[in-house]
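See below for the structure under consideration.
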Amino acid sequence: FTAQRVGELEEAIREIDSFPGGGSSADLEQLLARLNQAGPRLVPVRKHAWLKEYLEVILVAVALAFGIRALFLQPFKIPTGSMQPTLYGIHFVPSTEVEKAGPVRQFFDYLHFSKRHVNAVIKQSGYLEAMYPAKPAIPFFPAMIAKIGGVTYRLPGAKRNVEQYLNIYRTDADGRIYYQAGDILAQGYLRLGDHLFVDRTRYSYAEPKRGEITVFLTDNIRDENGSRLGGRYYVKRLVGMPGDTLKIVDRKLYVRPEGQPSFRQVDSQDAVAFARLYSQRDGYRGYSQDSRGQYLRSDQDTFTVPDGHYFMLGDNTENSKDSRFWGTVPRRNLVGRACLVWWPFSKRWGLADRLEIPLPEPGTAARQDV
């Protein structure tokens, strides 16, 4: 404020103070009218003040969101099928329904169920000539262009996903893929995987438990070839505690806790999820051995979990790179426990790992010790 404006404000204050207590309402209205006219000049309103207020609100909201993410709940996307059918990763579902799906249905299918539709039929016979990222690249909506017989086709998904659902690795004797006009290149939809919230505080005040779906860092973990794992975050089920000796027999996991004389079957008394894993129904097939791995390759193989480490298995061990291949996870690598599936709105939406337990087959023993 300039000295002149300060003087004008002081004069207005003196005029208000000197107004007689018994003055008429007409005099009061004249005084207020003069002050209202002088107000914008004496105390001008700042231009775009609303913009500053909105920016402050946005900054506070962003800071709060990052704080929650760093300290409490971290979003995480399931990238692969290693935890199916408990949690689904990015996968392609063939379907002829896409022929009848208009723009409105496609929009709501994506919004509710994370479906990205594709209905690509070969227009011109020819070889697969090239595949490259589609442009313009739309954030969160990756797509690839496949060029076949001089015609291009836009396909949803990143390169790895598209190669999988096109079965790009199936080639002829010349190492190439040939398509006939009228062949279906891709018909169905790509589902983008379950999106989780992970409770980062869980392991700050409680020890991990057998059966929990756990997210962990892959820092300093190497696979059977000595190379780094394919991503920084993995999600698996924690099945082995420090000191446990483990083995897999007849698609069931057995444990001999430290200091115990014999093995016992890991089952629903450890965590209710194991009843589903052993049910052989609804997509569950128990735990398998894998001769390509390093550990638990046969009925005779056993593995003892070192102190301060944990043994992790995918629920879909037939399609899972887990501790059978790269060993155990140090305690310091644990990020948190999966607590909530927030998208898509499938039957798995809600609390993670809450699916119903299939009834056991008649005559099935509750627990087996060996």
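Computed from heavy atoms alone, side chains included, the values below leave out hydrogens, waters and symmetry copies.
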**Prompt:** Q280 side chain to R285 main-chain N or O, any donor-acceptor pair under 3.5 Å?
**Reply:** yes

**Asked** Same cluster or not: are F92 and V98 linked, directly or through other Ile, Leu, Val, Met, Phe, Trp or Tyr residues, by side-chain heavy atoms under 4.5 angstrom apart?
**Response** no

**Asked** What orientation do F141 and Y110 show, parallel under 30°, tilted 30 to 60°, or perpendicular over 60°?
**Response** tilted

**Working for salt bridge (Lys or Arg N to Asp or Glu O under 4.0 Å), residues D282 and R276** = CA-CA 8 Å; D282 300 334; R276 296 198 306 270; over 6 Å; no

**Message:** If we ignore hydrogens and angles and just use 3.5 Å, is the side chain of S114 paired with the main-chain N or O of L192 as donor and acceptor?
**Reply:** yes

**Complete:** side chain to side chain contact (heavy atoms under 4.5 Å, CB included) test vs L185 passes for just one of N119, V118, V121, L155, namely L155

**Request:** Under the salt bridge (Lys or Arg N to Asp or Glu O under 4.0 Å) rule, what do K321 and E224 come out as? Steps first, then yes or no, please.
**Result:** CA-CA 10 Å; K321 278 290 191 79; E224 67 277 15; 3.5 Å; yes

**Message:** Set out, in order, the CA-CA distance, both residues' side-chain angles and the distance that settles side chain to side chain contact (heavy atoms under 4.5 Å, CB included) for V239 and F274, then state yes or no.
**Reply:** CA-CA 10 Å; V239 301; F274 291 111; 4.1 Å; yes

**Complete:** Exactly one of M144, K123, K147, M131 clears side chain to side chain contact (heavy atoms under 4.5 Å, CB included) with Y153, and that residue is K123

**Message:** Within this structure, what is the CG-CG distance for the pair L196 and L340, rounded to the nearest 0.5 Å?
**Reply:** 8.0 Å

**Message:** Atom CZ of residue position R228 - does it have more than 12 heavy atoms of other residues, nucleotides or ligands inside 6.0 Å?
**Reply:** no

**Message:** Between N319 and Q84, does the side chain to side chain contact (heavy atoms under 4.5 Å, CB included) criterion hold? Intermediate values first, please.
**Reply:** CA-CA 9 Å; N319 186 31; Q84 289 179 198; over 6 Å; no

**Prompt:** Counting N and O atoms only, with roles assigned by atom type, does the side chain of R191 sit under 3.5 Å from a partner on the main chain of P344, one being a donor and the other an acceptor?
**Reply:** no

**Request:** For the pair F263 and T302, evaluate side chain to side chain contact (heavy atoms under 4.5 Å, CB included) and give the outcome as yes or no after the intermediate values.
**Result:** CA-CA 11 Å; F263 284 88; T302 63; 4.1 Å; yes

**Prompt:** Sub-3.5 Å donor-acceptor pair from the side chain of D194 to the main-chain atoms of Y88, do we have one?
**Reply:** yes

**Request:** Could you tell me whether the side chain of V329 reaches within less than 4.5 Å of the side chain of H309, counting heavy atoms only?
**Result:** no

**Message:** Classify the ring geometry of F76 against Y233: parallel below 30°, tilted from 30° to 60°, perpendicular beyond 60°.
**Reply:** perpendicular

**Request:** Specify the closest pair of heavy atoms between I184 and Q187, including all atoms of both residues, with the distance to one decimal.
**Result:** CG2-CB, 3.5 Å

**Item:** CG-CG distance between L229 and L217, expressed to the nearest 0.5 angstrom
**Value:** 11.5 Å

**Asked** Under 3.5 Å, is there a donor-acceptor pair between the side chain of S323 and the main chain of M312?
**Response** yes

**Message:** Classify the ring geometry of W343 against H195: parallel below 30°, tilted from 30° to 60°, perpendicular beyond 60°.
**Reply:** perpendicular

**Complete:** In short, P156 meets L190 closest at the heavy-atom pair O-CD2, 3.6 Å

**Asked** Step by step, would you call Y203 with E212 a side-chain hydrogen bond (donor to acceptor under 3.5 Å, both in side chains)?
**Response** CA-CA 11 Å; Y203 299 142; E212 291 181 336; 2.7 Å; yes

**Fill in**
Between P79 and K77, the two heavy atoms sitting closest are CD-O, 3.1 Å

**Asked** How long is the gap from CZ on R297 to CD on Q300, to the nearest 0.5 Å?
**Response** 12.0 Å

**Request:** State whether the side chain of Q124 and the backbone N or O of I148 hold a donor-acceptor pair below 3.5 Å, judged by distance alone.
**Result:** no

**Message:** Looking at every non-hydrogen atom in both residues, tell me the closest pair between A273 and R237 and how far apart they are.
**Reply:** CB-NH1, 3.3 Å

**Request:** Determine whether I90 and Q164 make a side-chain contact, defined as any pair of heavy atoms from C-beta on separated by less than 4.5 Å.
**Result:** no

**Prompt:** Do T304 and T245 have side-chain N/O donor and acceptor atoms under 3.5 Å apart?
**Reply:** yes

**Message:** So which atom in C339 and which in D199 form the shortest heavy-atom distance, rounded to 0.1 Å?
**Reply:** SG-N, 3.9 Å

**Asked** Any sub-3.5 Å donor-acceptor pair from Y178's side-chain atoms to S125's backbone N or O?
**Response** no

**Asked** Is it true that atom CZ of F108 has more than 12 heavy atoms of other residues, nucleotides or ligands lying nearer than 6.0 Å?
**Response** no

**Message:** Quick one: does any side-chain atom of R116 pair with a main-chain N or O of P142 as donor and acceptor, under 3.5 Å?
**Reply:** yes

**Request:** For the pair S227 and D223, evaluate side-chain hydrogen bond (donor to acceptor under 3.5 Å, both in side chains) and give the outcome as yes or no after the intermediate values.
**Result:** CA-CA 6 Å; S227 57; D223 66 14; 2.8 Å; yes

**Message:** Grouping I, L, V, M, F, W and Y whenever their side-chain heavy atoms are under 4.5 Å apart, do L313 and F303 come out in a common cluster?
**Reply:** yes

**Request:** Walk me through it: do V215 and R200 pass the test side chain to side chain contact (heavy atoms under 4.5 Å, CB included)?
**Result:** CA-CA 9 Å; V215 173; R200 293 182 61 97; over 6 Å; no

**Prompt:** Are Y205 and M241 joined in one hydrophobic group, where the rule is that I, L, V, M, F, W and Y side chains link up if heavy atoms are under 4.5 Å apart?
**Reply:** no

**Item:** Criterion salt bridge (Lys or Arg N to Asp or Glu O under 4.0 Å) on E97 and K115, from CA distance to verdict
**Value:** CA-CA 12 Å; E97 294 181 3; K115 295 180 179 179; 5.6 Å; no

**Request:** Show the numbers, then the answer: is there a salt bridge (Lys or Arg N to Asp or Glu O under 4.0 Å) between K247 and D301?
**Result:** CA-CA 6 Å; K247 65 178 180 178; D301 281 355; over 6 Å; no

**Message:** Distance check, rounded to the nearest 0.5 Å: R337 atom CZ versus R202 atom CZ?
**Reply:** 4.0 Å

**Asked** In terms of hydrophobic clusters joined by side-chain contacts under 4.5 Å, are L111 and W342 together?
**Response** no

**Complete:** When R210, K252, K209 are each screened for salt bridge (Lys or Arg N to Asp or Glu O under 4.0 Å) with D270, the one that passes is R210

**Asked** Between F325 and D290, is any pair of side-chain heavy atoms under 4.5 Å apart?
**Response** yes

**Message:** Do Y310 and N333 have side chains that approach each other closer than 4.5 Å (heavy atoms only, starting at C-beta)?
**Reply:** no

**Prompt:** At what distance, to the nearest 0.5 angstrom, does CE of M83 lie from CZ of R348?
**Reply:** 11.5 Å

**Prompt:** Got S95 and Y189 here, is their nearest side-chain heavy-atom distance under 4.5 Å?
**Reply:** yes

**Request:** With the side chain counted from C-beta on, respond yes when F311 and D244 share a heavy-atom pair under 4.5 Å apart, and no when they do not.
**Result:** no

**Request:** State whether a side-chain donor-acceptor pair under 3.5 Å links Y284 with T86.
**Result:** yes

**Request:** Report yes if some heavy atom in the side chain of L277 is under 4.5 Å from a heavy atom in the side chain of Y287; otherwise report no.
**Result:** yes

**Item:** Hydrophobic cluster identity match, V335 and I213, side-chain contacts under 4.5 Å
**Value:** yes

**Prompt:** Closest approach of V162 and G157, non-hydrogen atoms and distance?
**Reply:** CG2-O, 3.6 Å

**Prompt:** Do Q180 and I122 have side-chain heavy atoms sitting under 4.5 Å apart?
**Reply:** no

**Prompt:** How long is the span from the CG atom in D322 to the CG atom in D315, to the nearest 0.5 Å?
**Reply:** 10.0 Å

